[in-house]
Structure formats: structure tokens, C-alpha cells
Amino acid sequence: MKFDADRFKENLSARLKRQYGKDISQASKHDLFDAVSASVLEIIMENWMATRHEYEKKPVKQLYYLSAEFLMGRALSNNLINAEISSQVKEVLKGMNIDYDMIEDQEPDAGLGNGGLGRLAACFLDSLATLDYPGHGYGIRYRYGMFEQKIENGYQVEYPDNWLAHRDPWEIKRSDLSVTVKFGGNIAYGKTPDGRDRYYIENAEEVTATPYDMPIVGFGTGTVNTLRLWQASSPNGFDLQLFNNMEYNRAVERQNSAENISAVLYPNDSGPSGKALRLKQQYFFSSASLQDLVRHYVADHGTDFSKFADLHVIQLNDTHPVVAIPELMRILMDEYNVGWDDAWNVVTHTFAYTNHTILAEALEKWPIEIFQGLLPRIYQIVEEINRRFMIQLREKYPNDYAKHGRMSIINDGKVYMAWLAIHAGFSVNGVAELHTRLLKEQELRDWYELYPEKFNNKTNGITQRRWLLSANEELSEFITKRIGHGWEKDLTKLKGLEKFTGDKDLNELIAIKEHNKRRLADYLKHAQNEIIDADSIFDVQVKRLHEYKRQLMNILHIMYVYNKMLEDPNYKPAKKTYIFGAKSASGYRRAKSIIKLINTVAERINNDRRVNDRLHVVFVENYRVSVAEKIFPAADVSEQISTAGLEASGTSNMKF
Ligand SMILES: *Cc1c(COP(=O)(O)O)cnc(C)c1O
């Protein structure tokens, strides 16, 4: 992208003046972060607009990645690197006596996800833009992201993640594109002009969905795609009548009820919350996204939807947005008079579903009372989808009543979201070779037998732009010095490193690792007053706390090593620092006990003079993307020890 140093400097000063009424010498660290980011966004904006025009000029099939989670982390450094203006901006700041690292550290993580599933969504967006695919994200602009974790007396304590305390310089509010999402109410019907039944909802709770757009900057290309996150609010604000009657609580009730929908990310990784508010979140962003797409389509192509599936593919990240399927049926039938068969034909060529887990408890199923109460018309459509599906099943397997029960989308008082996705979608993928095989042979066996052509594998990946180029600058230079550029977009090029095995190369590598270990040691000293020995082996397990991931086995092993060191004077293992980082779902008691155990063992070992020059245990507080970026480059040993067959893919293995 084009960079003009003088213009950047002017822009920066102008922003500080306009936004904060300050000049550079008066600006706080945060003011500077905000003004630098805004000035960078201005540079990116040209390509963002150009990309949108490009897609609009020649209609191409576009991908929409619907996900309840986007674990983006920080944007500034990543955007600078991807826009290839990093060194220029740093140069300008240096000339102004502004410390870039200090500015970078002001940015809060956009922690709008739990773990692997949300980070995958973020890495995919980076790769789509980098490879010039027209692929965009749709999600929720949570007011509070993943909670902030503090360790108090060895226990995890959760604090709200107020990431929007200051304004977010990367987002653009698009009030002009707001839509209305309806909840509850009752179903009414009249007739369409051609005499068919036409359904609509009366007395619904109406919620306004307002999009906030963030740029997704491709690396070394002009492509800038969009992450569109929806925020909920009440269309009527508070009730002035009630307010004037001094009924203040009731006056803001409706407002609060609407705003609650996008208030907070549920902190459950690999497991459902079962809460009605969560279903509200799912329908809220699914409906808003579909309304957005259909509105745009109708503006360009009118109400003949026969081309819709040629221009859209909607990838459902797990079952969280699966309610988008009956929502598209509803929009087409109730708002545009499309008949069932034509609507179904659009839907079955548009949606694709990614399964992320084989843990039985993680499959989302909603009790009918909750589902029907919140989404009466959507429930009616799901019933009709299932009625037609059951006819098809009975024809194919006339006497296998057990199978009819197992595959029914509505069964036992519940709506099975995964079954709906597999039946209505054209593609079902697992996230690793083994995981996909286990789905076909076990969890989804009936479905594989019925729809073998839908099943495929897409092994998870990570973006080397964030996890290597940005997180490990020295190693990146080491690589580029030997094999040149190109690996930033095509990681297979790293194969060229195979011939650099001389002592000089290896010593240089070791020096880089040592430097990264000192950097992590500095961070831990600064962040939690933990002193670690950078000359020891860093043995690292960082991921969500879950029994299947077996942090418990790791800490039991450490307890064994500790006891053996005390009992056996001949046992002299290499100096080691065991590093854990993990958040637990707030209601997951066993996981929380394991965190307490790790901290109790750490306290004992770290204070035992007999071993503490050779053995150390650290629990990194508040593990998140920006901390992960410091941990991976410093690791010597990567712990990937989850129970065989239970980890669908795992991605931090790749970051290591
Ligand atoms: C990559 C990543 C994860 C996923 O880790 P797994 O080991 O694959 O479970 C979770 N949290 C953060 C912050 C990550 O960067």
C-alpha cells in the first residue's frame, strides 16, 4: 500500500487534535495508540473501498463465514505487516520520539472467542484476504469478550473484559445498514397475491441489529475483506411514558433486554450453555446476516432467487449459526413469496457445515419450549423440514424405526441443530483427517450412510503471518535470509530450509530461541512478578482447560518428577520450567479444581530450595492471543497430550 510519511505525520497530529484536543507532547499512550491506528486505517481504507467496488463490479461467488466467535487478538501490528507499511510507520514514529512497542501494548485483544474454534475463524479471514478470495465474516460485537482471568489464592477468578472501554479505532459503525430481528410473538397468516398462505409474526419483540465493520487486510495484496459484527439495541430506546411516571426501572427494561443480546460471550468451550439468551444470540446474528445478504441480492437481481446459490456460500462454524437455515427459508417464503420447493432448492445449495467436536455433550440440542417460544415461525419451518425429511427416511428405511428416531431433527422434546445442518447443507466437514473418519464411522454414521457425497475433510490451519512473521520477527528474518520471500504466502516453501544444517545456522537458531525466551521471561516478570530461568527448558501447555486435554496428567507428571528428585539423589533431570496457560469455563468445577491444583503444586515446588534451581512451574494468568504470541516463539517443548480420539484437530501444535 502507498505510504507517505509526511501525510501520515500530519494525519496523526490532526487526529490527536480533533479527537482529544491535544498535541503530541500532551498525548497519553492510549491517545497515541488510537491516533496511530486511525491513521493506519485511513491508509487501508483506499483498498477496502476498492475491494468492495471490485466485488460489486463483476458478480462473483462470495463466501460468508458465520461464526458466533472471532478470536482476533490485536489488529495494529498485524495490519501494518499485512499492508507492508510496518517499517515505514515505525520509522516515522521513531523520528517523533514515540516508542512503537509501547503503543502496540495499549491495544486490548479483541477476545470475541473461547479458543480454537474462534481463532480458526480469525486465521481463515486472514488467509482468505491474503489469497484474494472474496470471503467475509459475520458475527456478534460482544460488549464483553472472553473474561479476564486472575489467579487469586490459586483459584481462577473471572472479571469482565471491558475491551470497548475506549473506542475501537478499527471499527466503522454502519447505522445505515441496520436491520430488525424479531423474537417471540405469535404466528398470523393471510394470503399472497397468488392465493397461497403467507405467514407473518405479530406482537414480536423487535431488536435493532447494527453492523460494525472491521477491515481484514490481506498480506502483500490490495484485497481488504470485511468482518461485520452485529450489535443489538432497542428500536424505541426507553419508554418515555413510563419514565415520566417515574417508573425508571420499567422505562429502560426493553432497552436492557435488547442490549443484553450482544452483551457477553458465553465462556463455554466445546460444550453448550443451554441458556435461552444464547439461542437469542444465535438467531440475532444469523437473521441479521441473512437479511443483509438478501437485501443486497434483491437490490442487484430483484426477487428471482434462482441465482442466489451461485453468488453465495454460507459456511456455518459449528452448529451455533445453524438457525440461519430455517431463517433463509422464512425470508424467502414470508418476505418474498417464494414457494417451499424453490426456497428449499436455494437453501440446500447455499449452506455448508463444519463440525468441530465428537464430544457427545457438545452437540447442540434446544428444548422445544425454549426454541418455539423464542422463534415460533422458525420452529414451524423446522417442523415442516423434518416432516418432509421423515417421509424420505421412511421410504428409504421402511422398517428401521430406531434409525428414524435417531435421525429425526426433532426428537425427545428437542431440536437437533447438527441434524438440521447435515440434512439441509450440501457439505459437512470435519477438521482433521482422523476426526472426519471418526465422524463417518461413529458419531455421524447414519448420516454418512444417507449422504456420503456431503462428507469431506478440511484440516484446520493457522496463518503464518500472525504466528510466525509477526510473532517471531527474528526467526522470520532467519528464514528469509536463507530462502527469500514467498513463504509468507506459501508455507510449503519452508522445505527450502532443509539444506541449512550447518553449525552456524543452528547456532543462530539457538540464539533466536534464547532471545525469545528472555522476552517471555521479561513479560512474566512485568505481568505477574514471576521470575523464570531463561536457561532452563521451557515445557509448555497452553490451551483451554478441559479434562480431555489432560492438563491433569501433565501436573501429575510434574509431581512425580518433584518427588523423584527429592527421593533419588542420582536423578538429575535437565533444568526445566513447566508453563501452563488456560482459562476454564466459569461453571466447569473440575477444570477449575485442576487450575487450583497446578497453582498449589507450583507454589510448593517454586518455594522448595532443594529443587527450585532446577524445577519451576508457572501458571500464566489470562492466556489470550497477545500472550500466546509471546509464548510460542519461546517454547522448547510443546505439550499436545489430549486423550486419543477426543481432540478434533488442535491448532496450537501448528503454532509451536
Ligand atoms: C490457538 C489458540 C487456541 C487453541 O489451542 P488448542 O491447543 O488447539 O486447543 C486457544 N486459545 C488461544 C489464545 C489460541 O491462540
Side-chain angles (χ1 to χ4, degrees), residues 67-75 77-78 107-127 145-149 156 161 163 265 267-271 317-318 354 356-359 362 430-432 434-435 458-468 470-472 520 523 527 539-554 579-585 588 591 594-595 619-635 637-656:
S67 178
E69 304 188 10
F70 287 92
L71 190 48
M72 303 298 286
R74 290 173 172 165
S77 280
N78 205 251
E107 182 169 8
D109 279 40
L112 310 183
N114 275 282
L117 176 152
R119 185 54 229 175
L120 181 76
C123 283
F124 274 164
L125 292 184
D126 178 272
S127 290
M146 190 58 205
F147 64 78
E148 186 187 339
Q149 177 196 56
Q156 165 176 299
D161 163 41
W163 73 293
L265 167 75
N268 306 34
D269 188 59
S270 338
N317 197 20
D318 213 298
T354 301
H356 282 271
T357 176
I358 54 174
L359 300 182
V431 291
L434 175 64
H435 168 58
K458 294 288 173 294
T459 299
N460 281 170
I462 59 163
T463 164
Q464 68 266 39
R465 271 79 57 188
R466 181 174 291 261
W467 296 108
L468 177 50
S470 166
N472 200 339
L520 178 60
Y523 169 77
D539 187 317
V540 184
Q541 188 175 19
V542 286
K543 48 185 74 255
R544 286 302 292 257
L545 204 307
H546 210 289
E547 284 166 282
Y548 85 79
K549 291 177 183 283
R550 296 203 288 198
Q551 283 97 347
L552 179 58
M553 185 167 76
N554 194 358
I579 298 171
F580 291 87
K583 287 176 183 174
S584 159
Y588 188 175
I594 293 167
I595 290 177
F619 191 94
V620 179
E621 244 174 354
N622 202 27
Y623 178 60
R624 61 197 189 278
V625 170
S626 60
V627 173
E629 286 166 12
K630 297 179 174 76
I631 293 177
F632 291 112
V637 179
S638 153
E639 294 283 0
Q640 309 302 333
I641 55 175
S642 55
T643 317
L646 293 192
E647 187 79 83
S649 166
T651 50
S652 53
N653 51 346
M654 306 170 194
K655 301 168 194 168
F656 279 107

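These numbers come from the heavy atoms of this one structure, side chains and all, not from hydrogens, waters or symmetry mates. Just so you know, ligand 1 is whichever comes first in the structure, and atom 1 is the first atom listed for that ligand.
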For [atom], the protein heavy atom that lies nearest, with its residue and separation:
atom	value
atom 9 (O) of ligand 1	K549 NZ, 2.8 Å
atom 11 (N) of ligand 1	Y623 CE2, 3.7 Å
atom 8 (O) of ligand 1	T651 N, 2.7 Å
atom 10 (C) of ligand 1	G115 CA, 3.6 Å

- The complete set of salt bridge (Lys or Arg N to Asp or Glu O under 4.0 Å) pairs with one or both residues in residues 637-656, sequence neighbours excluded, reads K549-E647

Please identify which atoms of ligand 1 are closer than 4.0 Å to at least one heavy atom of [X].
X	answer
K655	1 (C), 2 (C), 3 (C), 14 (C), 15 (O)
G650	8 (O)
G116	3 (C), 4 (C), 10 (C)

- Query: Does K583 count as lying over the ring of F147, i.e. NZ or CZ under 6.0 Å from the six-ring centre, within 45 degrees of the axis?
  - Reply: yes

Before signing off on this row, confirm whether [X] and ligand 1 have an N or O atom pair separated by under 3.5 Å.
X	answer
W467	no
N114	no
S652	yes

- Output for pair (L117 CG, H356 NE2), nearest 0.5 Å, gives 4.0 Å

- Does L71 have any side-chain contact (heavy atoms from CB on, under 4.5 Å) partners at least two apart in sequence or in another chain, and if so, which? R119, V625

Consider only side-chain N and O atoms of [X] and [Y], and report whether a donor and an acceptor are under 3.5 Å apart.
X	Y	answer
S626	D109	yes
N114	E69	yes
Q640	S642	no

- Query: When you look for heavy atoms under 4.0 Å from ligand 1, do you find them on the side chain of E647, its backbone, both, or neither?
  - Reply: neither

- Query: Is ligand 1 under 4.0 Å from a heavy atom in the side chain of R624, in the backbone, in both, or in neither?
  - Reply: backbone

- Query: Would the F580 and F619 ring centres measure less than 6.0 Å apart?
  - Reply: no

